[in-house]
Amino acid sequence: MGDPASSLHLTGLNTNQLEATSHFEGPLLVLAGAGSGKTRVLTARVCHLIQEFGISPEKILTVTFTNKAAGEMRERITKLLGSEPIGMWMGTFHAMGARLLRRHADRLGWDRSFSIFDSDQSLRLIKSVQEELGLDLKRWNPKAIRAEISNAKNRLEDDKTFQLETQSGSELFIRTVGQVFSAYQEALQAQDAFDFDDLLMKPVELLESHRDLLEHYRGRFSFILVDEYQDTNRAQFRFVELLARAHGNLMVVGDPDQSIYAWRGADVRNILDFETAFPSARVVPLEINYRSKELILSAANAVIGENVNRPKKILRASRKGGDKITLVETSNEKDEAQWIVSEIQDQIHSTQGLSICDCAVLYRTNAQARALEDAFLRARMPYQVVGGLRFYQRREIQDVLAYLRLISNPKDKTAFDRIVNYPRRGIGHTTRKHLTRWAVDQGVTMLEAAGRADEVPGIRTAGVRGLKQFADLMRRLSVRATQATIGEMLEGLVEDINLIKHLNNEGPDGEDRVRNVIELIAGTLDFDATLAQTIEPDEIDTFTELDLFLQEVALIADLDGLDPGSETVTLMTLHNAKGLEFSLVFIAGLEEGLFPLSRAYDEADALEEERRLFYVGITRAEDKLFMSWARQRRRAGDFTYGSLSSFVSAIPDKLLEYRKSNWLSPGPYSKPIAVQNRGYKISHEQDEAFDMNQDSPGFVLGERVIHQTFGSGAVIEISGFGRDMKVKVKFDDVGEKKLLLRYAGLEKDWP
DNA sequence: CCGGTGGGTTTTTTT
DNA sequence: AACCCACCGG
Ligand SMILES: Nc1ncnc2c1ncn2[C@@H]1O[C@H](COP(=O)(O)OP(=O)(O)OP(=O)(O)O)[C@@H](O)[C@H]1O
């Protein structure tokens, strides 16, 4: 045992926190509310295991929600211990899965330099599979199919299981998904690729089907810790269970009230039933919130108390008092954004030591960031947006990365398809068709076929030239890849294909794109695989730097880009805010229909999840919380008229301070509302929205209707009202669909 | 083969 | 409003 005086990680912990931290063997559940120190305890326990119980770091596996969280935790641990926990595996489930697969993918029939497809690439592949199967993209929404496949994988159902379970009695849509699923999975394997969900599902398959590996990793990871356990799905549970079942040294930490990912397969029962799954579990509650002022916490508790479906738990504030929560009514989203910006300015001026990096603006949908950004730009206040369109998802970045992927994995047909004609090489639809057919016949990769384009029947000379040119280029790049660093390679690539010039010729957005590409190169110049923490010292030679670079890039999450030290206000969705804390928090867009989102009205579970999201938002605030809503908001082209979110009514009046924006409470210098609003055109749809009942045909349950694409069917459910009115129709051919009445263009079907 | 145009669809949250 | 796709003329 270490010297107690050196046990830095224990200082300041309360009794329960200490109990959890010093727990040694056997299952441990820390189920506690927001800001009670769950993450801190988990960090401390890792230190304790190493320092007090003498556990070697390489025996420990810690799963966090983001890579960023993993990095920060590693840093904290290093500080607390005075040395780095070398050999410890720490990261997201996806990163751990990828790491495992890098080592053993060959056992499943994949090459170890497999590609990882992000959701965009999955979608592309699904579309191309659909095309091959002759499934119309309009009628069978590829995104819906992707979601269905993704959910299945998160339930650990592979294509065969899925088909078996849905073969009989299922609607046509589901059976179609099954069909696409199989072809999609086949295509993935054919090009040595895994999608995001495979990174969770395949490791389970790997461990279940290979006893020796299971034994090995069970022995290796004698202690397993999982943060944010309330948002794990079935595949993740199984992964943990496989490794931890035998020794039971599993610590999970979470808060059922912060479960906000059920929509992507997370199952809160994982944490609720933990004691059933691991009967000998010790349970430690944490009941003191150290983050938020008492007043904020009271509001949070009142809000979450409205949820029926939850285990009650205690959460008391250690920080007494606090300012009232400011609730501000604004005229529209611009007004709201301006109000927020000027309030931040006021607060910074009036509060000693407060910096703009202590401020965060949270919202329900990414689209809301636009108006906020405008306001911040105009006020010249620095800000950073987390999420939205990611850097690595931008077209020009993906184009460049596709070149790298194809070098790393020549079978990656999705990458090939993306870049074979970018920049233009005169290769079109027909050429591709011939080439694909020939490649399949000969059993060679597309790249090899391109190199032998002159042998392929049916391709015109221009096409042959283009293909050979492309194959040559790739050959040169591959040679260079063996000698140069990634940064150097990228520089060479950009030069070889004249990318900068091409982008500049593209018009107004070109300059931005050029800047992005240059930023990418700059970022790769100092990429160091050993620092990427993805390999063990003895494996360095087994993986190429390129593979690891691509892997890291594929797994980057929105939040990983967040720079907490920089002098900026942070703008992000409520989902991204989970686990973070800020002195000042603004929750924007608190309108009925936006937050909670109108789509959540139909199901009680969905509405409760929205409410938990609100709870997460409120509990991010340390000192002061602001909430705002707008009477009028532009959403996707047309106007919506909102009222204050019903969520707010759960907060006792005495905790709130009501305010109005300048536009709404005209001071001596502000213009009257009527003048301000004149800029907005009153559209026709707006009137429609107001008297939907008169303008749109009223449908009744059981009524027969006809839809342009889906054909005829019967109305089986009606929900929502006004512009949000929805009908569920059971179509004769495509099964059940929920449609937004104002888009659907349904007609009555008179017999 | 390419680029422009126009029509139709979409609106949630993310590893 | 923005995006994606299909179609058409050069
Ligand atoms: N015993 C303690 N004394 C003082 N401060 C503490 C104590 N325990 C935790 N804190 C502080 O409380 C804040 C919240 O801790 P932490 O993030 O670990 O909570 P959490 O339960 O993981 O929160 P959430 O569920 O909201 O993510 C942190 O700023 C942490 O430093």
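Residue numbers start from 1 in every chain, and the chains themselves are labelled A, B, ... in the order their sequence lines are given, proteins ahead of strands. The figures that follow rest on heavy atoms only: side chains count, while hydrogens, waters and symmetry mates do not.
Distance A:Asp602 CG to B:dT12 P: 13 Å, rounded to the nearest Å. Atom CZ in A:Arg395 sits roughly 13 Å away from atom P in C:dC3 (whole-Å rounding). Atom C1' of nucleotide C:dC3 and atom NZ of A:Lys143 are separated by 9 Å, given to the nearest angstrom. Rounded to whole angstrom, the span from the CD atom of A:Gln368 across to the C1' atom of B:dT13 amounts to 11 Å. Distance CZ (A:Arg635) to P (B:dT12): 9 Å, rounded to an integer number of Å. In this structure, A:Leu597 places its CG atom 12 Å from P of B:dT14, rounding to the nearest Å. Atom CG of A:Leu123 and atom P of B:dT15 are 17 Å apart (whole Å). Here B:dT14 presents its C1' atom at 12 Å from CG of A:Asp120, a figure rounded to the nearest Å.
Residue A:Asn576 is classed as a sugar-phosphate contact, given heavy-atom separations below 4.0 Å to backbone atoms only. Among the protein residues, A:Arg424 comes within range of the sugar-phosphate backbone only, with heavy atoms under 4.0 Å from sugar or phosphate atoms but none that close to a base. Nucleic acid contact class of A:Asn421 (heavy atoms, under 4.0 Å, all strands): sugar-phosphate only. Within the nucleic acid shown, A:Tyr261 comes within 4.0 Å of sugar-phosphate atoms alone, with no base atom in reach, counting heavy atoms only. Looking at heavy-atom distances under 4.0 Å, A:Asn366 makes contact with sugar-phosphate atoms alone, never a base. A:Thr430 comes within contact range of the sugar-phosphate backbone alone, with a heavy-atom separation under 4.0 Å but no base atom that close. Among the protein residues, A:Leu200 comes within range of no part of the nucleic acid, since none of its heavy atoms lies under 4.0 Å from any strand.
In this model, the phosphate group of B:dT15 is not approached by any side-chain N or O of A:Arg264 to a distance below 4.0 Å at OP1 or OP2. Phosphate proximity of B:dT14 to A:Ser119: absent, as no side-chain N or O sits under 4.0 Å from OP1 or OP2. Contact check, A:Arg599 against B:dT12: a side-chain N or O comes under 4.0 Å of OP1 or OP2.
Checked against A:Leu362 for a side-chain contact (heavy atoms from CB on, under 4.5 Å), the options A:Val616, A:Leu574, A:Thr570 give a single hit: A:Leu574. Partner A:Asp412 forms a side chain to side chain donor-acceptor pair (under 3.5 Å) with one of A:Arg405, A:Gln121, A:Arg418 and no other, that one being A:Arg405.
Residues A:Ile427 and A:Glu610 both approach DNA chain B. Their nearest nucleotides, taken by heavy-atom distance, put A:Ile427 toward the 5′ side. Projected onto DNA chain B by closest heavy-atom contact, A:Gln393 and A:Thr431 fall at different nucleotides, the more 5' of which corresponds to A:Thr431.
Considering only side-chain atoms of A:Trp263, the nucleotide from B:dT15, B:dT14, B:dT12 that sits closest is B:dT14. Listed nucleotides: B:dT12, B:dT15, C:dA2. Nearest to the side chain of A:Arg370: C:dA2.
Straight-line distance between the C1' atoms of C:dC5 and B:dT12: roughly 24 Å, to the nearest whole Å.
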Protein and nucleotides 5-10 of chain C: nitrogen or oxygen contacts under 3.5 angstrom:
unit_1 : atom_1 : unit_2   : atom_2 : d
C:dC5  : OP1    : A:Lys127 : NZ     : 2.6

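Using a cutoff of 4.0 Å between basic side-chain nitrogens and carboxylate oxygens, A:Lys138 and A:Asp136 are not scored as salt-bridged.
In the displayed structure, A:Arg432 atom CZ is contacted under 6.0 Å by more than 12 heavy atoms of other residues, nucleotides or ligands.
Between A:Phe595 and A:Phe647, the distance separating the two ring centers is shorter than 6.0 angstrom. The ring of A:His575 has its center closer than 6.0 angstrom to the ring center of A:Tyr261.
Note on ring orientation: taking the six-membered ring where Trp is involved, the planes of A:Phe416 and A:Phe470 are perpendicular (angle over 60°, cut-offs 30° and 60°).
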Check: Checking salt bridge (Lys or Arg N to Asp or Glu O under 4.0 Å) for the pair A:Glu336/A:Arg633: CA distance, chi angles, key distance, verdict?
Finding: CA-CA 10 Å; A:Glu336 179 185 48; A:Arg633 184 180 297 273; 3.0 Å; yes
